[in-house]
Amino acid sequence: MQQQSPRSERLEARRTLLGDGLEIRRALPHRHRRTVGAWCFLDHAGPADYAAGRGVNVGPHPHIGLQTFSWMIEGAIQHRDSLGYEQWIRPGQVNLMTAGRGISHSEESPAGEPGRVQLAQLWIALPEAEADREPAFEHYPELPVVERGGFSVTVLAGEFTGERAPAKVYSPLLGLDLATPGEARATLPLRPDFEYAAMVLEGAADFDGATLEPGSLLYLGSGRDGLPVASSRAARLLLIGGEPLREEILIWWNFVARRREDIVQATHDWNLGLRFGEVQGARSARLTAPDPGELNLRGSRE
Ligand code: MN
């Protein structure tokens, strides 16, 4: 039984710069919506052409308490991490890095040549019981794709119409990429116990009457068993969802934790070169963690 009418809320993504100057749209965390299920961070980079030596160039930096989930749409990025993994990610592929108690990595576009890039990078908060697990890295070169009403639906995370994504996640989640070269219309089956949000990456799409274009996130709430999606032209969009997080998390710089002292400790350890290992071979400079002195109870300076 549906307890209340589903509500939707449009949230503007923040424009910010990634690494050495690529403009991105950051939809999560948002002042009015910090998480959607366990998804706690959502950046959309590009689509953009860049000059030789530019692109995505993020030097070594640490993570704790989360998984980084990179969905590559155009171009290529090289991942390197402190476990020794060195992995190119290309269109249609996912890199999933489980930070657990601590890992560091870098992400860089091909050196010395101009290029084009588009990707979505998301974080998934690990549940408290898994937050200190061993770090891990996985590359998924192929994902399930299903056709629905003219949309090509790639199952990024979780399960959709019987197709299960390979990504190893630790809470009930869904991530879908929907792409169409033209007119398309479908009703996506949803779970009433999940909350959802949609973001258009290219073109435009209508969700249950609301038209969405790149630059904002449409929070769809929970209590829905289906979502009508339509597009009259070429479009690409993301749908994310999951069981609402029942716990308060702190999101600070590249860290997710429950306790302020864990963030202070991680900052201290990283800036002193402890605990997070070494990333070999990165061209971009190692990042320095900012002082968490002004970290408030919500884990945000906003
Ligand atoms: Mn990272």
Side-chain angles (χ1 to χ4, degrees), residues 14 16-29 34-35 38-46 55-73 75-89 93-109 117-126 131 133-140 156-157 167-170 175 240 249-257 262-263 266-267 269-271 273 275-290 292 299-300:
R14 282 178 295 143
T16 183
L17 298 178
L18 181 70
D20 61 5
L22 184 73
E23 190 182 89
I24 56 136
R25 286 159 298 283
R26 180 160 296 158
L28 289 177
R34 296 170 54 73
T35 54
W39 300 104
C40 62
F41 184 92
L42 168 53
D43 271 359
H44 176 218
V56 173
N57 288 297
V58 183
H61 61 277
H63 288 287
I64 60 168
L66 57 87
Q67 296 178 289
T68 63
F69 187 103
S70 304
W71 165 235
M72 202 73 200
I73 300 163
I77 289 178
Q78 189 172 27
H79 160 97
R80 292 184 169 94
D81 68 38
S82 53
L83 299 177
Y85 288 98
E86 196 177 309
Q87 178 68 58
W88 284 98
I89 178 174
Q93 303 182 337
V94 161
N95 276 355
L96 179 68
M97 186 179 79
T98 303
R101 59 180 170 71
I103 194 168
S104 55
H105 74 147
S106 62
E107 293 160 296
E108 295 170 304
S109 293
V117 67
Q118 184 181 184
L119 79 153
Q121 190 174 70
L122 302 101
W123 296 353
I124 304 166
L126 287 167
R133 63 178 302 108
E134 289 291 309
F137 174 80
E138 279 137 314
H139 171 69
Y140 300 107
L156 305 176
K168 181 160 177 50
V169 297
Y170 295 90
I240 57 174
I249 56 168
L250 301 174
I251 306 170
W252 172 255
W253 195 48
N254 289 301
F255 304 135
V256 168
D262 292 338
I263 292 199
T267 298
D269 291 350
W270 170 253
N271 284 345
R275 174 173 156 190
F276 292 98
E278 292 281 334
V279 179
Q280 303 289 339
R283 301 183 310 276
S284 308
R286 187 184 195 274
L287 307 189
T288 299
S300 169

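First listed ligand is number 1; within each ligand, the first listed atom is number 1. Positions are given from 1, in the same order as the sequence printed here. Values below: every heavy atom of this structure, side chains too, minus hydrogens, waters and symmetry copies.
Screening Trp123, Trp39, Tyr140 for a ring-ring contact (aromatic ring centres under 6.0 Å, His included) involving Phe69 leaves a single residue, Trp39.
By the 30° and 60° cut-offs, the orientation of the rings of Trp253 relative to His61 is perpendicular.
Within a 6.0 Å radius of OH in Tyr170, other residues, nucleotides and ligands contribute more than 12 heavy atoms.
Protein N/O/S atoms closer than 2.8 Å to the Mn ion (ligand 1), listed by chain and residue number, are His61 NE2, His63 NE2, His105 NE2.
Within the 3.5 Å criterion, the main-chain N or O of Ser284 finds a donor-acceptor partner in the side chain of Glu108. Between the side chain of Thr35 and the backbone N or O of Cys40, no donor-acceptor pair lies under 3.5 Å.
In this view, Glu86 and Gln78 satisfy the side-chain hydrogen bond (donor to acceptor under 3.5 Å, both in side chains) rule, not counting sequence neighbours.
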